[in-house]
Number of protein chains: 2
Amino acid sequence: MADYYTPGEVARRFGLSLDTLRYYEREGLLTQVERAPSGHRRYRAGDVELLDLVRCLRETDMPIARLREFAELVREGDHTVPQRLQVLEEHDARLTERIAELRRRQEAIRHKIDYYRGVLAERGPEEKEEVR
Amino acid sequence: MADYYTPGEVARRFGLSLDTLRYYEREGLLTQVERAPSGHRRYRAGDVELLDLVRCLRETDMPIARLREFAELVREGDHTVPQRLQVLEEHDARLTERIAELRRRQEAIRHKIDYYRGVLAERGPEEKEEVR
DNA sequence: GCTTGACCTGGAGTGCACTCCACCTTCCAG
DNA sequence: CTGGAAGGTGGAGTGCACTCCAGGTCAAGC
């Protein structure tokens, strides 16, 4: 139990494949990951923390390109906090809008469901014989 | 003002491109669309209604393959209403789960935003001079 | 020492949902 | 009657986010 995580551990923890993990690194979504002398990756707490945010943003559909920009800001240092904040605030707003849209669409779908239920309720009774 | 819509009208109405409209038809997401003798498509009220549902399901991320299955049920006739209902109910449940997940992720993102704001508030005051 | 499982790299391949293109026909306002 | 907009077809191309693969190296228990 050292002070770092192996690729396998990280992959399991976040439900990502090793390939995805490496892909994210190649694409610059993580700060440079340390290596053992053997070349094996060693994920530190900071890597895991950033990855946690990355996954959070990915699962809310932030595109890889935007995530890369964000990761670049992180790499540039503490003076980019205002820009990072802006990225997150904008994403938060998008997310609010997206959730609202999904809710609206869900409403419409539920109306359709109700309509179909009505159809079944109306014709169901007298067709019970016929159908079976 | 006839009792049908042209492709352009339908595309504008739903915010889809003509290519997408034709693509949906090719993929079997619509019931067969009528044609004028010239070959031009004529969308009837029924087509528009189905397309409205299709778009609703697409914008809530139902895959094309599943939409095709649904459209096939529609083409098979009224006796498939129970299956259609099942498809919609399942999608509704998925959607509920998806919305809940987005909300959870949004919570996490907002925590990060608050954290960044804290960072700025703490170091901001004495750096105001320095920064500008 | 050897096997087995985890890890490495560079690069190719995949699946999805469009999107674009070339080239031809049809419609309709002036 | 004509020019431009709208529409048609088949097929190729695109962008995104992975995902897979070959052909190796490394670590650890027996």
Side-chain angles (χ1 to χ4, degrees), chain A residues 1-30 32-44 47-48 51 53-71 91 94 98 101 105, chain B residues 1-30 32-44 47-48 51 53-71 91 94 98 101 105:
Chain A
M1 193 155 275
D3 55 348
Y4 62 81
Y5 303 88
T6 66
E9 282 166 355
V10 174
R12 271 189 298 280
R13 174 153 166 186
F14 290 109
L16 299 171
S17 72
L18 290 171
D19 273 319
T20 300
L21 221 49
R22 289 190 282 253
Y23 167 69
Y24 283 179
E25 193 179 338
R26 266 204 309 284
E27 293 299 309
L29 270 48
L30 275 47
Q32 202 51 47
V33 176
E34 229 179 293
R35 298 302 182 100
S38 65
H40 287 32
R41 286 173 180 79
R42 288 179 167 175
Y43 294 88
R44 299 276 167 192
D47 297 321
V48 170
L51 186 54
L53 181 55
V54 162
R55 191 211 26 181
C56 198
L57 295 173
R58 264 308 295 142
E59 296 205 344
T60 51
D61 301 318
M62 182 181 286
I64 297 290
R66 193 143 186 73
L67 269 160
R68 181 169 31 238
E69 285 168 26
F70 185 83
H91 186 65
R94 273 183 207 290
R98 176 66 179 149
E101 193 199 349
R105 302 290 181 196
Chain B
M1 194 155 274
D3 54 349
Y4 62 81
Y5 302 89
T6 66
E9 283 166 355
V10 174
R12 271 189 299 279
R13 172 153 168 189
F14 290 109
L16 299 171
S17 73
L18 290 171
D19 273 318
T20 299
L21 220 49
R22 289 191 281 251
Y23 167 69
Y24 283 179
E25 193 179 337
R26 265 203 310 285
E27 293 300 310
L29 270 49
L30 275 45
Q32 203 51 48
V33 176
E34 229 179 292
R35 299 301 183 100
S38 65
H40 287 31
R41 287 173 180 79
R42 288 179 167 175
Y43 294 89
R44 299 275 168 195
D47 298 320
V48 171
L51 187 54
L53 181 55
V54 163
R55 191 211 27 182
C56 200
L57 296 173
R58 265 307 296 143
E59 296 205 343
T60 51
D61 301 316
M62 182 181 285
I64 297 291
R66 193 144 185 74
L67 269 160
R68 181 171 28 239
E69 285 169 26
F70 185 83
H91 186 64
R94 274 183 207 288
R98 176 67 179 147
E101 193 200 348
R105 302 289 181 196

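Convention: sequence-line order gives letters A, B, ...; per-chain numbering from 1. None of the values given here were measured: they were computed from a predicted structure.
- Spacing between atom CZ of B/R26 and atom P of D/dG10 amounts to 9 Å, rounded to whole angstrom units.
- Contacts with DNA chain D (heavy atom under 4.0 Å) in residues 15-24 of chain A: A/D19, A/T20, A/Y23, A/Y24, listed by number.
- Under the side chain to side chain contact (heavy atoms under 4.5 Å, CB included) criterion, A/R66 pairs with A/M62, A/P63, A/E69, A/V87, A/E90, sequence neighbours left out.
- We find the CZ-CG distance between A/R58 and A/L53 to be 13.0 Å, quoted to the nearest 0.5 Å.
- Closest approach of B/F14 and B/V48 over heavy atoms only: CZ-O, 3.6 Å.
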Short N/O separations, protein against nucleotides 13-15 of chain C, under 3.5 angstrom:
none

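- Across all strands, A/R42 comes closer than 4.0 Å to no nucleic acid atom at all (heavy-atom distances).
- Atom-to-atom, CZ of A/R41 to P of D/dT25 comes out at 17 Å; the value is rounded to the nearest Å.
- Shown here for B/L29 and B/V54, the closest heavy-atom pair between the two residues is O-CG2, 3.6 Å.
- A side chain to side chain contact (heavy atoms under 4.5 Å, CB included) with B/L30 is found for exactly one of B/L67, B/L51, B/D47, namely B/L51.
- Closest approach of A/G28 and A/A71 over heavy atoms only: O-CB, 3.2 Å.
- Residue A/E25 contributes atom CD, which lies 13 Å from atom C1' of C/dC7 at whole-angstrom precision.
- Residues from residues 58-66 of chain B that place a heavy atom under 4.0 Å from any atom of DNA chain C, listed by number: B/R58, B/P63, B/I64.
- Put simply, CD on B/E27 is 14 Å from C1' on D/dG11, counting in whole angstrom units.
- With sequence neighbours left out, the side-chain hydrogen bond (donor to acceptor under 3.5 Å, both in side chains) criterion links A/R42 to no other residue.
- The separation between B/L29 atom CG and C/dC16 atom P is 14 Å, rounded to whole Å.
- The distance from atom CZ of A/R12 to atom P of C/dG5 is 14 Å, rounded to the nearest whole Å.
- Looking only at distances, no side-chain donor or acceptor of B/R105 sits under 3.5 Å from a matching main-chain atom of A/L57.
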Restricting to nitrogen or oxygen on both sides, can you table the protein-nucleotides 23-30 of chain C pairs closer than 3.5 Å?
unit_1 : atom_1 : unit_2 : atom_2 : d
C/dC27 : OP1    : B/S38  : OG     : 3.3

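- The shortest side-chain heavy-atom distance between A/R13 and A/Y5 falls under the 4.5 Å cut-off.
- Closest of all the heavy-atom pairs between B/R41 and B/Y43 is CD-OH, 3.3 Å.
- A donor-acceptor pair is defined here as one N or O able to donate and one able to accept, closer than 3.5 Å; no such pair exists between the side chain of A/R44 and the backbone of A/E34.
- B/I64 and B/Y23 make their closest contact through CG1-OH, 4.0 Å (heavy atoms, listed as atom of the first residue, atom of the second, distance).
- Distance B/R55 CZ to C/dA17 C1': 17 Å, rounded to the nearest Å.
- Ionic pairing of A/R22 and A/E25 is not present here: no N-O contact between side-chain nitrogen and carboxylate oxygen is shorter than 4.0 angstrom.
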